[in-house]
Amino acid sequence: MTARSEALIDKAGAPARRGIYLDFQATTPCDPRVVEAMLPFFNEKFGNPHSVQHAYGWDAETAVERARGEIAALIGAEAREIVFTSGATESNNLAIKGVARFHRERRPHVVTCATEHKCVLESVRRLESEGHRVTLLGVRGNGLIDLDELAAAITEDTALVSIMAVNNEIGVIQPLAEIGALCRARGVHFHSDAAQAVGKIPIDVEAMQIDLLSISGHKIYGPMGIGALYVRRRPRVRLEPLFDGGGQERGLRSGTVPTPLSVGLGRACAIAAEEMTSEAERLWALHRRLYDGLRARLQELRLNGDAERRIPGNLNLSFGGVDGEALIKSIPEIAVSSGSACTSASVEPSYVLRALGLSDAEARASMRIGLGRTTTAEQVDAATAAIVAAVTRLRGEGSGAARGGGG
Amino acid sequence: MSEFVYLDYNATAPLRPEAAAAIARALEVTGNPSSVHRFGRAARRIVEDAREAVAALVGAAPGGVIFTSGGTEANNLALAGCGRRRLLVSAGEHDSVLQAAPDAVRVPLTAAGTVDLAALEALLGEAAGDALVSVQLANNETGVIQPIAAVADCARRHGVLVHCDAVQAAGRIPVELGALGADLLSLSAHKIGGPQGVGALILAGDLELAPLLRGGGQERRRRAGTENVAGIAGFAAAARAAARDLPRQAALAALRDRLEAGVRGLAPEAVVLGAESPRLANTSCIAVAGLSAETQVMALDLAGVAVSSGAACSSGKVAPSRVLAAMGVDPALADAAIRVSLGWASEPSDIDHFLDAWGSLYSGSAAARPRGSAPAPRPEAMQGFSNGVSTDS
């Protein structure tokens with residue numbers, strides 16, 4: 001183990017000083033191997049990749065193109081189908097608004113789902129205010145969409161179906177290949193927000209017939225501030241850019257491509273491609289260890305979202321009779337969340353859990369745990385013990401929900 | 001960097017060591033700034049400290065700073081989000097302004113490269129209210145500094161908002177948002193020695209801004225997306241260093257002047273474009289009629305000196321300079337213009353290297369060029385060419 005990977009475990013691990021980080025759906029630590037790959041491009045290899053007239057620019061361009069290839073390889077795409085963005089929020093905004101606006105005259109209809117990430121929902125809300133028609137699909141109790149409902153929602157004026165690959169709160173995997181086949185058969189573009197899926201489960205844009213796919217750097221042990229949008233070339237997907245300017249990224253996304261960050265995202269994808277299978281196995285074992293440990297010692301524990309069709313490492317749990325916020329506050333040494341980080345300031349109960357059919361009270365009794373690359377069995381055991389103790393205490397106090405937690 | 005000389009700071013600047021250190025530190029922090037737990041709060045602290053440093057660089061309030069993915073996004077957000085129906089842009093703006101507002105009214109430049117204030121006054125009179133005018137603080141190709149305070153005075157009389165793209169100016173001249181009178185100001189980190197992939201749009205007042213990126217409630221609902229924590233930390237470190245180094249600009253101007261004098265010593269017919277206007281200390285746009293910019297840039301690159309012709313942004317394509325055309329520079333002369341831009345790590349020896357390399361290419365090309373376009377000085381044109389723009393007028 002290198003000094004750097006020890007540092008990584010320390011920053012995301014070391015229970016004594018920093019607490020245990022179990023919020024890998026909010027963000028992941030930047031892998032030391034990614035940092036190492038980026039460093040030369042922060043330092044001696046700086047250059048604007050669009051400066052085509054001197055060696056500094058050429059080195060930067062070569063590195064960016066190599067990274068593009070690494071990203072493409074992870075999802076079965078061609079390098080030239082990858083557009084660099086500032087992150088998944090921008091990728092989703094670009095894909096959804098870009099495709100819908102391009103087709104606004106003849107196909108103003110967009111279909112998405114109630115459990116999508118906020119940036120997808122806010123994008124379609126914006127489209128609605130511009131005159132587009134939006135259909136918001138519900139989900140079943142397990143968090144998965146109903147394919148018949150999707151088939152019925154698609155009409156002749158539908159331009160785009162946007163369904164996320166993996167939900168950020170409950171970790172369920174949508175039936176991507178079935179959705180892709182349906183969309184292709186009906187001549188509709190299929191976009192998938194895969195920020196929580198890429199690098200964790202195999203994604204193949206050909207086999208799944210995905211036309212646009214959003215990727216985030218900081219959810220896959222890459223840096224923040226970088227993401228990508230896959231845009232299919234054959235059959236060609238056309239979209240309007242969000243930013244205009246120098247015409248970088250084939251005119252789809254103007255702005256200097258940040259060389260170090262794109263190199264970091266490329267490396268993160270290459271590592272994920274290599275380690276995904278073994279890491280998934282390891283995470284499943286930790287996942288079961290945590291879930292079984294809690295179930296053995298706590299009553300009224302409920303796993304939100306389908307138990308099988310989910311990514312390893314994500315556990316969204318409801319603890320009957322316990323307020324989720326109070327529980328989280330009472331275990332300050334364990335970093336977990338009550339839902340999406342992007343809406344964590346919100347006092348509203350999770351709209352994702354509400355869409356599964358949970359009551360407000362049930363939704364408020366929930367907590368999201370995310371395990372990841374640096375999580376150890378010792379950390380899982382410590383978290384299990386802390387959660388069991390806190391839930392037991394809060395239940396003993398009667399109404400934990402009303403009183404709030406200590407710490 | 002001993003064998004290579006980098007003189008293309010207006011395209012991108014090498015990362016300052018302070019910024020590199022801040023990025024390395026921030027990359028060791030795990031946490032989403034929106035998360036409420038201690039890991040999230042640690043990341044949030046980095047972002048909010050940085051907001052203060054970036055605000056301080058331009059004399060703004062931290063609450064007015066919206067972090068973006070760079071100058072291009074900041075410019076696009078300003079124009080699309082300001083809520084004004086009519087847009088006016090100067091003809092010398094960066095592509096991220098011109099392309100983002102293709103239907104905007106173009107405010108002409110004078111031959112000296114500054115925005116034509118009389119024309120602006122007339123156009124603002126027609127636009128009246130419900131409009132925004134976008135004028136950069138300093139030009140990326142010539143370094144010419146625009147009279148933003150005068151632009152803002154004029155705009156205010158007509159009830160028009162002012163956006164100022166300060167991407168090239170920040171850290172090179174003192175910038176006080178209040179004194180400028182601009183309502184919105186764009187910054188880019190990598191032009192001041194910070195990292196690529198981060199910038200900011202800064203609001204002077206309580207302007208309502210419609211977001212371009214929608215989603216989570218980050219940046220006070222004005223720009224969704226998880227903050228680029230390490231990038232923002234690097235931006236702040238670069239902003240602090242750039243503010244500290246502002247007094248060094250005089251030394252940079254001396255280097256730039258030596259470079260220009262050196263070129264003129266070798267080629268008396270050389271023209272420095274925009275030289276009669278107030279300019280950034282770091283930028284020199286030099287042309288020698290008949291000596292193509294392409295030839296110069298390639299030859300200089302072979303000699304280990306990086307400069308550029310025109311802006312570096314047009315993805316792989318070298319287009320004729322719109323800025324020089326707007327100044328009324330003869331197209332043949334514009335095709336011969338190279339941009340030499342200095343920055344925080346530039347040293348006197350860089351100028352020596354440049355002059356050696358440029359001198360060789362100049363004398364080499366003089367022999368190769370056909371008679372008639374040879375660079376031999378034409379006595380009657382020398383005076384007009386020596387320090388000005390064009391003698392066409």
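Each chain gets a letter, A, B and so on, in the order the sequences are listed, and its residues count up from 1.
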Among [options], which residue forms the greatest number of heavy-atom pairs with chain A at distances under 4.5 Å?
options	result
B:Val198, B:Leu212, B:Leu300	B:Leu212
B:Pro195, B:Ala43, B:Pro17, B:Ser69	B:Ser69
B:Ala20, B:Gly31, B:Gly70	B:Gly31
B:Leu302, B:Asn228, B:Ile23	B:Asn228

Using 4.0 Å as the upper bound for N to carboxylate O, is an ion pair formed by [Y] and [X]?
X	Y	value
B:Glu141	B:Arg322	no
A:Lys329	A:Glu325	no
B:Glu28	B:Arg25	no

Which portion of [X] sits near chain B, non-hydrogen atoms under 4.5 angstrom:
X	value
A:Leu261	side chain
A:Asn93	side chain
A:Arg125	neither
A:Val34	neither

Is it the backbone or the side chain of [X] that comes under 4.5 Å from a heavy atom of chain A, or both, or neither?
X	answer
B:Arg223	side chain
B:Ile232	neither
B:Ala224	both
B:Pro33	side chain
B:Asn76	side chain
B:Ala210	neither
B:Leu15	both

Would you confirm whether A:Ser254, through its side chain, and A:Gly247, through its main-chain N or O, come within 3.5 Å as a donor-acceptor pair?
->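 At least one qualifying donor-acceptor pair exists.
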Going by distance alone, is a donor N or O of one side chain under 3.5 Å from an acceptor N or O of the other, for [X] and [Y]?
X	Y	answer
B:Gln296	B:Ser309	no
A:Asp193	A:Asn168	no
B:Asp335	B:Ser292	no
A:Thr85	A:Ser91	yes

Check side-chain contact (heavy atoms from CB on, under 4.5 Å) between A:Val64 and all other residues, then give those that pass, not counting sequence neighbours.
->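 side-chain contact (heavy atoms from CB on, under 4.5 Å) list for A:Val64, sorted by chain: A:Pro49, A:Arg68, A:Phe84, A:Val257, A:Thr259, A:Ser262.
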Name all residues meeting the side-chain hydrogen bond (donor to acceptor under 3.5 Å, both in side chains) criterion together with B:His37; count only those two or more places apart in sequence or in a different chain, and write none if there are none.
->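 Scan of B:His37 (side-chain hydrogen bond (donor to acceptor under 3.5 Å, both in side chains), adjacent residues dropped) gives A:Asp23.
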